[in-house]
Every structure is written in structure tokens, then in C-alpha cells.
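Just below is one structure, and these are the notes that go with it.
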Amino acid sequence: IDLWLILDILVQFQGVKGGFGVFAVLGEANSLGPSDKKSLWGTLFDVEDPRSKAPQCKGRFLDVYQALELARYDIQYCDWRARQDLRTIVLLHEKVVEVLNPLAREYKSIGTMKKELAELQGELAQAHKQVHISEARVSAALDKLAYMEELVNGKLLEDRTKMESSIAAPSSSTSTQSLDTMKRPRKSLDVSGPVQPYHPRLKNFWYPVAFSTDLKDETMIPIDCFEEPWVLFRGKDGNPGCIQNTCAHRACPLHLGSVNEGRIQCPYHGWEYTTDGKCEKMPSTRLLNVKIKSLPCLEQEGMIWIWPGDDPPTTTLPSLQPPSGFVIHAEIVMELPVEHGLLLDNLLDLAHAPFTHTSTFAKGWTVPSLVKFLTPASGLQGYWDPYPIDMEFQPPCMVLSTIGISKPGKLEGQSTKECATHLHQLHVCLPSSRNKTRLLYRMSLDFAPLLKHIPFMHYLWRHFAEQVLNEDLRLVIGQQERMINGANVWNWPVAYDKLGVRYRLWRDAVERGSKPLPFSKLM
């Protein structure tokens, strides 16, 4: 026996941020002394039996969260049991070596050695059989854990469907329990029918509505937000304001007027309003105490934000800046004829790229045999496998992504960390109305800084962005038409839909007033 080989398949569940790992130890027999081996075995095998710490829930009905916790203990038990089985094989291996030791053969008859080897052969066969049982236990426990996560997601998705699960305390019997008794209902989201009016709770967030560079001192930006018309402009102090885009006098759109000394002037009769909505000038008549609705409005990191909800605004705004080392090359605004949730569904999905974007950035991409979005169990961010792309949904309507590239249109490596150059994107999907979205797009690069100074380059970036969006829009508009007629656009979610599904679960929880919101731990 020239090599001493231990391959320890250790399935370790390390909480919602962890995963499963394989630990292998390979060494030459002559290079390790007995004390070295025992020290190494101690690291591998001296693990506490987790059954003493498992919650005692036998005979009780559990909610899905308690059941998920039990499934985690079940995996810890399987890990411990597998270590003990492997220890048995290692000890038996030592006995075989001892029997075959030349010094031992001098004092034993051939019959005695045959008998001992036969006994050891039987024990080894039993030990190997036990290892296979442990492997089956691990597989069953992982299936249980995946099923428990399905139940948790199902509970978040369908509050009206209360699913109870009963699991006994972790033991060898529960670990090998067949999953045939667990009927797995197919999970689907119900996103069908005409778009309903937006729930007021969805308004209680800060929404980016414009880029700072677009709002000059004497300009106005009209926007629609949650089916109400607003207009942005800068006051005397240079700070942005957002007021109702309707004059109190005769309902004239204010953005058709002008900005005079930090006040917006109605083009109909000259009434002038400040950034808090107060009318300070009424030419040709006596000044009345008139005020129109205004929204909290802030400027941060090159963006204008508003708070359209009735709740008091939070004191902090999320950061949407590109990572350190990136330079912003393009800021583009578009008005798109689709509901903002459908557009977010599309942006949070990369698996469609080699089928949809065949004329733009995904031209020439191969179709992977499997596409996965890998993310923490309670997160709204992660990365795509096998693409070198990181992605995050930032509530309430933002998508940030970082793409590793080698040259324009080409991907490089298996993760963004392996790539030398990157493109960073921000998409903001402002809900203008139930069938219209105001899209803010910002593109940044961590290479080729000179591109920013090439004349008319921003026209090229806009042309490319419109090409990509048009490839998506023809599909999303078709989805919207069918959804309005009753089709469910989330009828059959699969593995690579994970981030889109989590956005829908988050939005559903907001509208239902759930506290705390799902996935809020990492938000």
C-alpha cells in the first residue's frame, strides 16, 4: 500500500450565507507518522454529536421556519454520522495493515491470518455499506432542506395557504426517511389580469426620478409617478423640488411655463410656485393663500430622489454609485410602454440573453446546459453561473449589475473577480403608471477612460441601449397584453428565475404590510 488516501465528503450547512463543501486529504503513507495521522484524524473525526443540541419537537406541529431549522440539524447529524463511518473504515484499514505486517506473519499460522482477514473483510464490507447509507442520508437531508426552503417561499408567496410540517428530532431513522411521503406542490406566482392600482404602501420609499446633470437651474423635468403628474425644478438655493404638475388656478400643466428666480411660472396666467408648492405670485389679482401638493425631494450622488408616500420619509437614501475605480460614461432616460414590474422581471433575468439579444451584446453566446443564479438564502443579490455577472435588486425599483468583459460584447472568465475589465450598470424602473415606466440607465466602466471625452459618444451609447431594450420590449409588451387578458406571466418559475421570484415575493409582502419584509436582512 503506497498511498494513504482519505476522501472525506463533508456536507456542512453553514447558515443562510454558507453552502456545501468537499474536504479532501491526500498524502503518502511514508510521509505521515502514526502521531501525524492521529492528529489529522482528530481534526476530521472528533466532531460533537449534534443530537444533544437539536430542538426536541417530536409530536408537535411546526411552522415552516421551525421545520427548516430541524432540516439543518438533520444535515449536521448526517455529517457527524458520515465521519464516524469513515473512521470505522480507517481503523479497519489499519487492522488489515497490521495483519499483513511481515513481523506479524512470523508469529501467526496461515490459517489464523486467513481467518483474521476474512473477519476484517466482512467488517470492511459492512463499513462500506454503512458509508453508502450515510451518503443516501445526506442526499435525503439535502432534499428535505430544499423542500423546506420551498415551503418558506411558498408561505411568503401565498399567505392564505398555511402549510404545516411535522419533523421528528434528527436521528438515523429520520435521516433515512423517504421523501415519497412529502408531496411537493408546484409553486407559481399569480401575476395575471389587468394591472391593479398601486398599493399605497409601495409609495413609502425613496425613488430616483432624474439625473442631476439633466436638471439645470432654469429647466424643468415633468414626470409621472404612480399615475400622478409632477414637475422637478431648482429653487433659489439651487436645491431640487418636486411639486404637482397642475396649476391650482385652471389645471394648466406647469412644465409648459418657465422658471423665474427659483419659482415655476404657469404659462396660462403667470402664477408662480416655490419648491414647497406655495404660490407666491398672482399677477393682475389679489394674492391668495394657495398651495399645491409637493413631495420630499433630495439630491444625492448625482441623482434626484422623491418620496411619494404618506409615511414620513426615512432619513437615509441607498447608494447607487458604481464601485470604486469606475467612471460613469452614460446616463440615459427613456419612457417605456410597460408596467414597471414586468420590466424589473426582465432585467432580473439573464437566462434569456442568448435567445433574445442575438443581435446585440449576447451575439455569439453559446447556450449553457444549465444556468443558475447563486444567492444567499435571504438575499436579493448574487451572481450568475456560468456567466461572470453579479446582480442585485435594490428596493424599491433598482437593479445593479457588474459584468466581467474582455472586449465589447464578449464575456471573460467564470466570475467577475477573474476578469480584468468590467462594465457596471444601473437600471431604475420608476412606476409612471400601470402601463408606463420611466427608465433611468447609467453605464460605467473601469477601463478606457478616454471614451468619455470622445465627441458625440453619448449618442452611440444611447443607440446601443435602445437596441438592447427594443429586443426586450417586443417580448415584454407581448407579455403585458396576454397578462391583461388573463395569462399568468409567472406561471411556472424554474431555478434561474430565483431573483425575479424574490422581487415578486418582496413586493407582495410590501403590499400586504408584512413586518419585517422578506430578504430585509441584507438590504
Side-chain angles (χ1 to χ4, degrees), residues 206-226 228-284 287 289-308 313 315-322 327-335 398 426 428 430 432 438-444 452-459 461-462 465:
W206 283 107
Y207 283 84
V209 293
F211 293 111
S212 296
T213 52
D214 292 335
L215 190 62
K216 307 294 191 296
D217 287 341
E218 304 299 324
T219 61
M220 296 165 288
I221 300 179
I223 64 168
D224 289 333
C225 183
F226 290 108
E228 290 188 79
W230 305 93
V231 60
L232 306 170
F233 67 103
R234 293 189 182 275
K236 282 185 178 181
D237 57 3
N239 293 325
C242 180
I243 64 173
Q244 193 173 18
N245 193 11
T246 305
C247 182
H249 180 210
R250 300 278 292 276
C252 180
L254 292 174
H255 77 276
L256 300 177
S258 60
V259 177
N260 297 323
E261 298 180 349
R263 295 187 298 269
I264 191 168
Q265 184 184 71
C266 177
Y268 209 173
H269 297 91
W271 291 22
E272 295 185 10
Y273 300 87
T274 60
T275 53
D276 63 356
K278 182 175 178 58
C279 184
E280 288 192 344
K281 276 195 175 182
M282 292 182 183
S284 307
L287 182 64
N289 185 20
V290 173
K291 189 174 183 179
I292 59 177
K293 187 176 179 181
S294 65
L295 295 179
C297 184
L298 293 176
E299 186 171 19
Q300 175 178 285
E301 297 177 344
M303 304 194 80
I304 311 296
W305 301 68
I306 64 171
W307 181 279
T315 56
T316 58
L317 280 70
S319 176
L320 301 181
Q321 283 284 81
V327 174
I328 296 173
H329 284 257
E331 292 181 334
I332 299 167
V333 180
M334 301 181 188
E335 302 290 341
M398 293 82 81
L426 165 69
V428 177
L430 180 69
S432 298
R438 178 178 173 85
L439 175 67
L440 277 63
Y441 173 74
R442 186 167 66 194
M443 188 272 290
S444 308
K452 186 177 178 68
H453 305 290
I454 297 178
F456 309 112
M457 193 66 192
H458 62 284
Y459 292 112
W461 291 130
R462 184 177 184 92

Between [X] and [Y], which heavy-atom pair has the shortest distance, and what is it?
X: Val231; Y: Gln244; answer: CG1-O, 4.3 Å
X: Met398; Y: Pro208; answer: SD-CD, 3.9 Å
X: Leu317; Y: Trp305; answer: CD2-CG, 3.2 Å
X: Trp230; Y: Cys242; answer: CB-SG, 3.6 Å
X: Glu301; Y: Ser319; answer: OE1-OG, 3.0 Å
X: Phe233; Y: Leu215; answer: CA-CD1, 3.9 Å

Quick one, [X] and [Y] - any side-chain contact, counting heavy atoms below 4.5 Å?
X: Tyr273; Y: Lys278; answer: no
X: Ile304; Y: Ser212; answer: yes
X: Pro229; Y: His255; answer: no
X: Lys281; Y: Asn260; answer: no
X: Trp206; Y: Leu298; answer: yes
X: Glu280; Y: Leu287; answer: no

Verdict with reasoning, Arg438 to Val333, per side chain to side chain contact (heavy atoms under 4.5 Å, CB included): CA-CA 7 Å; Arg438 178 178 173 85; Val333 180; 3.6 Å; yes

Roughly how far, to the nearest 0.5 Å, is [atom2] of [Y] from [atom1] of [X]?
X: Met443; Y: Glu331; atom1: CE; atom2: CD; answer: 10.5 Å
X: Glu228; Y: Asn245; atom1: CD; atom2: CG; answer: 11.5 Å
X: Phe211; Y: Leu426; atom1: CZ; atom2: CG; answer: 6.0 Å
X: Ile306; Y: Ile243; atom1: CD1; atom2: CD1; answer: 12.5 Å
X: His458; Y: Lys452; atom1: NE2; atom2: NZ; answer: 11.0 Å

Show me the donor-acceptor pairs, under 3.5 Å and distance only, between side chains in residues 290-297 and residues at least two apart or in other chains.
| residue | atom | partner | partner atom | Å |
| --- | --- | --- | --- | --- |
| Ser294 | OG | Asp276 | O | 3.2 |

List the residues meeting salt bridge (charged side-chain N to carboxylate O under 4.0 Å, His left out) with Glu299, not counting sequence neighbours, and say none if there are none. Arg234

Worked check of side chain to side chain contact (heavy atoms under 4.5 Å, CB included) between Val209 and Leu232: CA-CA 9 Å; Val209 293; Leu232 306 170; 3.7 Å; yes

Side-chain donor or acceptor of Arg442 paired with backbone N/O of Leu320 under 3.5 Å: yes

Side chain to side chain contact (heavy atoms under 4.5 Å, CB included) for Ile223 and Ser432? Distances and angles first, verdict last. CA-CA 8 Å; Ile223 64 168; Ser432 298; over 6 Å; no

Under 3.5 Å, which donor-acceptor pairs link side chains of residues 261-270 to any protein atom two or more places apart or in another chain?
| residue | atom | partner | partner atom | Å |
| --- | --- | --- | --- | --- |
| Arg263 | NE | Glu272 | OE1 | 2.7 |
| Arg263 | NH2 | Glu272 | OE1 | 3.2 |
| Gln265 | NE2 | Glu272 | OE2 | 2.9 |
| His269 | ND1 | His249 | ND1 | 3.2 |

